[in-house]
Student: 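First the structure, then my questions, so here it is.
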Amino acid sequence: MQGKVRLFASLREAAGRSELSWELEEGATVAMLRSDLLERLPGAKEEIRRAWIAVNQQYASPDSRLEDGDEVALFPPVSGG
């Protein structure tokens, strides 16, 4: 299975890009994709660990299954004053 990952805000800055592709085995979950990204983007580990993840514009839990062609977005936590 393959898809696209979009990175936003500090995640984009830490990774040095705003988009990349993913390729995982059939039946992969959001947690498996997060693990893959932690290995592929060592400069963004902390941001990836804390990120909210959406699949096809819907927030997803770690055990959510991915499908071929899914667009996954990672959003870092935001704080303000």
Side-chain angles (χ1 to χ4, degrees):
M1 298 188 314
Q2 303 178 39
K4 181 174 29 170
V5 175
R6 299 193 62 203
L7 305 171
F8 293 91
S10 61
L11 272 162
R12 179 180 56 231
E13 293 169 19
R17 58 186 123 177
S18 62
E19 190 173 292
L20 55 126
S21 61
W22 61 264
E23 187 170 343
L24 295 169
E25 63 190 45
E26 189 76 29
T29 64
V30 167
M32 293 168 76
L33 177 60
R34 186 187 303 260
S35 293
D36 179 64
L37 293 173
L38 287 167
E39 289 181 26
R40 291 173 55 191
L41 302 170
K45 281 187 176 183
E46 190 57 37
E47 289 86 354
I48 293 169
R49 283 187 184 113
R50 298 181 352 191
W52 290 57
I53 298 180
V55 177
N56 301 323
Q57 301 180 0
Q58 298 286 326
Y59 283 111
S61 66
D63 61 341
S64 296
R65 296 229 179 233
L66 296 171
E67 300 291 334
D68 193 47
D70 280 350
E71 180 182 76
V72 178
L74 275 71
F75 301 95
V78 179
S79 62

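No experiment lies behind these values; they were computed from the predicted model shown.
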Student: For the pair D70 (side chain) and V55 (backbone), establish whether a donor and an acceptor sit closer than 3.5 Å, ignoring hydrogens and angles.
Tutor: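 Looks like no, no N/O pair under 3.5 Å.
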Student: Supply the atom-to-atom distance W52 CH2 to L74 CG, rounded to the nearest 0.5 angstrom.
Tutor: 13.0 Å
Student: Just jot down the salt bridge (Lys or Arg N to Asp or Glu O under 4.0 Å) partners of E71, sequence neighbours excluded, or say none.
Tutor: K4
Student: So, for A28 and M32, which heavy atoms are closest and what is the spacing to 0.1 Å?
Tutor: CA-SD, 3.6 Å
Student: May I ask you to test the Q2-D68 pair for a side-chain heavy-atom distance under 4.5 Å?
Tutor: yes
Student: Short question: side chain of R65, backbone of G27 - any donor-acceptor pair under 3.5 Å?
Tutor: yes
Student: Can you name the nearest heavy-atom pair linking P76 to F8, along with the distance?
Tutor: CD-O, 3.4 Å
Student: Looking at R34, I'd like to know if its CZ atom is crowded, meaning that more than 12 non-hydrogen atoms belonging to other residues, nucleotides or ligands lie closer than 6.0 Å.
Tutor: yes
Student: For residues A44 and A15, report the shortest heavy-atom separation together with the two atoms involved.
Tutor: CB-N, 4.2 Å
Student: In the single-linkage hydrophobic clustering (I, L, V, M, F, W, Y; side-chain heavy atoms under 4.5 Å), do I53 and L24 co-cluster?
Tutor: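 Same hydrophobic cluster.
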Student: Say you draw a straight line from CD of E25 to CG of L66; how long is it, rounded to the nearest 0.5 Å?
Tutor: 11.0 Å
Student: Do W22 and L38 sit in the same hydrophobic cluster, where Ile, Leu, Val, Met, Phe, Trp and Tyr count as joined when their side-chain heavy atoms come under 4.5 Å apart?
Tutor: yes
Student: So, for S10 and E47, which heavy atoms are closest and what is the spacing to 0.1 Å?
Tutor: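 The answer is OG-CG, 3.9 Å.
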Student: Should L41 and L11 count as side-chain neighbours, where that means a heavy-atom distance under 4.5 Å?
Tutor: no
Student: Side-chain contact test, heavy atoms from C-beta onward, threshold under 4.5 Å: evaluate it for V72 versus N56 and give yes or no.
Tutor: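 No - every pair of side-chain heavy atoms lies 4.5 Å or more apart.
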Student: Please give me the minimum heavy-atom distance between S61 and V30, naming the atom from each residue.
Tutor: O-CB, 3.5 Å
Student: Do L37 and M1 share a hydrophobic cluster (ILVMFWY, side-chain heavy atoms under 4.5 Å, transitive)?
Tutor: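 Same cluster: L37 reaches M1 through Ile, Leu, Val, Met, Phe, Trp or Tyr contacts under 4.5 Å.
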Student: Supply the atom-to-atom distance F75 CZ to R6 CZ, rounded to the nearest 0.5 angstrom.
Tutor: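 Going from the CZ atom of F75 to the CZ atom of R6 covers 8.0 Å.
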